Amino acid sequence: MLPADMISRNNLNMWSVLKKCIGMELSKIAMPVVFNEPLSFLQRISEYMEHTHLIHKACSLSDSIERMQVVAAFAVSAVASQWERTGKPFNPLLGETFELTREEDGYRLISEQVSHHPPVSAFHAESLKQEFEFHGTIYPKLKFWGKSVEAEPKGTMTLELLKHKEAYTWTNPMCCVHNIILGKLWIEQYGTVEILNHSTGDKCVLNFKPCGMFGKELHKVEGYIQDKSKKKHRVIYGKWTECMYSVDSKVYDSNKKAEKKAGDSINTCAEGDEADDMPDLQETVTVIPGSALLWKITPRPPHSEKMYNFTSFALTLNEMEPGMEGLLAPTDCRLRPDLKAMEDGDLDGAMTEKERLEDKQRAARKERSKEEEEWSTRWFQTKTNPYTGAEDWLYSGGYFERNFVDSPNIY
């Protein structure tokens, strides 16, 4: 449970805040704290790890196509917590960090805000038994289009299965929050996600479908796995809000031929005057005979709607075990006073602290500029990703040795 219920947004005139922002990149605009949820974007990234059991499963499989289908399920599960999460996470301050150790799930994670303009967040998770490493850099871009906000999570995810000497890379789908001004807020994710196994050449292409004219496609994900000779082996299908299945591609094709009677026309985020009502949910995924279940979402906790629609995993991210505060880096976002005030239901305190922290960050930047000092990241360095060949922020090690003497004073 959270210490206080979610702060109401009912009295907020969204249009008065957003009318000057149409077509603009929102990361450059100071948004009222009431738009937020009491988590930092660094904590939101850590939610990729909720279904780590899928990585452990992939590590245990001997067949590369079977590993790929489980990695694909993990890539979908990593964005499943977005459903109904219409609050904006706090923008991390430059140098902010978040650590998470889950011994029962066999991993630990560290993330750092490595750039402020443009905002860039880097994370690194590793198995406690040297089975895998999962890391990425995210350059989030938010744009307001009049009735919807579109989030583009630029940046590459890299998953290394160490025993198999394999590396997989992919990028996440686009996310759109509808009815920002009027009506009930709802979320869809869409776009093509291509997962490549750099060792075998196997590829999985996943299509996160836009909701379509009558909502039939809402939340649907469909794709296929092919080997390096482009032979299709499996089809992956389901909904990112529910579950994912895998079936032999020939079985899938014959099943589709049998049921294909009328095509659907696709209609993405059209911008009219009325609210874009969320299509009625088609609750279940139609399971094709012979399919294997790859992943099923964990149900939300009771009264989740009063707690920013957090998952059970998200509810734990601000928890402080006894003695933990003395171990954390002083830059850890659990220690952020504005975030803590919001979690406690103190909106005025959260607004005051957010303003203070932003002023402090601006003053520090001005001081560095005067002294001609460059900001130095602590735990990540820009290097070349060995698999994509692109520039990436990679973990330089040492965080868990807990030498925090030179940590910046950002709070």
Side-chain angles (χ1 to χ4, degrees), residues 41-64 66-79 81 97-114 120-139 153-172 193-204 295 313 317 329 332 377-402:
F41 184 65
L42 296 182
Q43 291 168 302
R44 197 74 182 256
I45 289 171
S46 75
E47 293 185 59
Y48 292 159
M49 303 303 292
E50 181 176 353
H51 299 279
T52 306
H53 65 91
L54 292 168
I55 305 182
H56 291 305
K57 175 85 187 284
C59 290
S60 73
L61 295 167
S62 56
D63 180 77
S64 71
E66 286 184 13
R67 286 196 294 278
M68 174 61 91
Q69 65 186 17
V70 177
V71 169
F74 173 73
V76 174
S77 80
V79 296
S81 68
T97 59
F98 180 66
E99 68 163 272
L100 186 66
T101 299
R102 288 283 161 92
E103 292 190 8
E104 68 278 17
D105 295 318
Y107 71 87
R108 63 188 185 184
L109 171 144
I110 171 63
S111 54
E112 179 180 7
Q113 190 69 4
V114 292
V120 182
S121 309
F123 75 92
H124 177 93
E126 58 192 25
S127 158
L128 298 176
K129 293 180 178 173
Q130 288 74 52
E131 292 175 331
F132 69 83
E133 289 183 1
F134 176 48
H135 52 93
T137 307
I138 300 175
Y139 310 74
K154 287 190 155 189
T156 300
M157 310 289 111
T158 303
L159 174 64
E160 300 179 59
L161 303 185
L162 303 176
K163 184 180 83 174
H164 296 289
K165 298 185 170 60
E166 282 181 341
Y168 301 79
T169 58
W170 67 90
T171 55
N172 285 329
V193 171
E194 200 169 278
I195 306 168
L196 180 61
N197 181 333
H198 290 264
S199 312
T200 63
D202 298 340
K203 185 194 284 187
C204 178
W295 161 78
F313 186 92
L317 296 176
D332 195 283
T377 54
R378 187 73 201 270
W379 310 111
F380 290 81
Q381 303 295 329
T382 45
K383 293 180 182 171
T384 301
N385 184 308
Y387 308 107
T388 63
E391 188 179 86
D392 207 349
W393 285 89
L394 300 179
Y395 179 51
S396 42
Y399 176 88
F400 292 98
E401 289 161 24
R402 305 203 174 277

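Since this is a predicted model, take the numbers as computed values, not measurements. Basis for what follows: all heavy atoms, side chains included, without hydrogens, waters or symmetry-related copies. Index from 1, following the sequence.
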Residue of the set Trp379, Phe400, Phe380 for which ring-ring contact (aromatic ring centres under 6.0 Å, His included) holds with Tyr395: Phe380

So do Arg67 and Leu161 actually touch side chain to side chain, heavy atoms under 4.5 Å? yes

Minimum heavy-atom separation for Gly155 and Tyr139, please, with both atom names. CA-CD1, 4.0 Å

Quick one: does any side-chain atom of Glu166 pair with a main-chain N or O of Ser199 as donor and acceptor, under 3.5 Å? no

Between Asn385 and Thr158, a side-chain donor and acceptor under 3.5 Å: yes

Around atom NZ of Lys129, are there more than 12 heavy atoms of other residues, nucleotides or ligands at under 6.0 Å? no

The reported gap from CD in Gln130 to SG in Cys59 (rounded to nearest 0.5 angstrom) is 12.0 Å

Within the 6.0 Å centroid threshold, strictly below: Phe123 and Tyr48: yes

Going by heavy atoms in the side chains, are Val70 and Trp295 under 4.5 Å from each other? no

Determine whether a donor-acceptor pair (N or O, by modelled atom type, separation under 3.5 Å) exists between the side chain of Asp392 and the backbone of Leu394. no

Decide side chain to side chain contact (heavy atoms under 4.5 Å, CB included) for Trp393 and Thr377; before the verdict, give the C-alpha distance in whole Å, the side-chain angles of both, and the deciding distance to 0.1 Å. CA-CA 10 Å; Trp393 285 89; Thr377 54; 3.6 Å; yes

Ignoring hydrogens and angles, write down the donor-acceptor pairs under 3.5 Å from the side chains of residues 103-111, residues two or more places apart or on other chains.
{"unit_1": "Arg108", "atom_1": "NE", "unit_2": "Glu126", "atom_2": "OE2", "d": "2.8"}
{"unit_1": "Arg108", "atom_1": "NH2", "unit_2": "Glu126", "atom_2": "OE2", "d": "2.9"}
{"unit_1": "Ser111", "atom_1": "OG", "unit_2": "Phe98", "atom_2": "O", "d": "3.3"}

From Ser64 OG over to Asn197 CG, what is the distance, rounded to the nearest 0.5 angstrom? 6.5 Å

Look at Glu112 together with Arg378 and state whether they make a salt bridge at an N to O cut-off of under 4.0 Å. no

Measure from the side-chain N and O atoms of Gln43 to the backbone N and O of Leu317, and report whether any donor-acceptor pair falls under 3.5 Å. yes

Would you sort out whether Leu159 and Ile55 count as a side chain to side chain contact (heavy atoms under 4.5 Å, CB included), showing the intermediate values? CA-CA 9 Å; Leu159 174 64; Ile55 305 182; 4.0 Å; yes

I'd like to check Thr169 versus Ile195 (side-chain heavy atoms, cut-off strictly below 4.5 Å). Are they in contact? no

Tell me if a side-chain donor or acceptor on Thr384 pairs with a main-chain N or O of Pro386 at a distance below 3.5 Å. no

Distance col, row Glu131:CD vs Leu162:CG, nearest 0.5 angstrom, shows 8.5 Å

Thr137 side chain to Ala122 backbone, donor-acceptor under 3.5 Å: no

Do the ring centers of Phe134 and His124 come within less than 6.0 Å of each other? no

Begin from the C-alpha positions of Ser77 and Leu54 and carry the test side chain to side chain contact (heavy atoms under 4.5 Å, CB included) through to its verdict. CA-CA 9 Å; Ser77 80; Leu54 292 168; 3.9 Å; yes

Looking only at the side chains, is there a donor atom on one of Thr382 and Glu391 sitting less than 3.5 Å from an acceptor on the other? no

Between OG1 of Thr101 and CG of Leu128, what distance do you get to the nearest 0.5 Å? 7.0 Å

Closest non-hydrogen atom pair, Gly201 against Leu196: O-CD1, 4.2 Å

Out of curiosity, Met68 CE to Cys204 SG, how far, rounded to the nearest 0.5 Å? 6.0 Å

When rounded to the nearest 0.5 angstrom, what distance separates CG in Leu100 from CG in Asp332? 9.5 Å

Under 4.0 Å between a Lys/Arg side-chain N and an Asp/Glu carboxylate O for Glu99 and Arg402? yes

For Glu160, check side chain to side chain donor-acceptor pair (under 3.5 Å) against everything at least two apart and list the hits. His135, Tyr387

Mind checking whether Lys154 and Asn172 have side chains closer than 4.5 Å, heavy atoms only? no

Checking side-chain polar atoms at under 3.5 Å, does Gln113 have a donor or acceptor matched by the opposite partner on Ser121? yes

Which atom of His51 lies closest to which atom of Phe74, heavy atoms considered: O-CD1, 3.7 Å

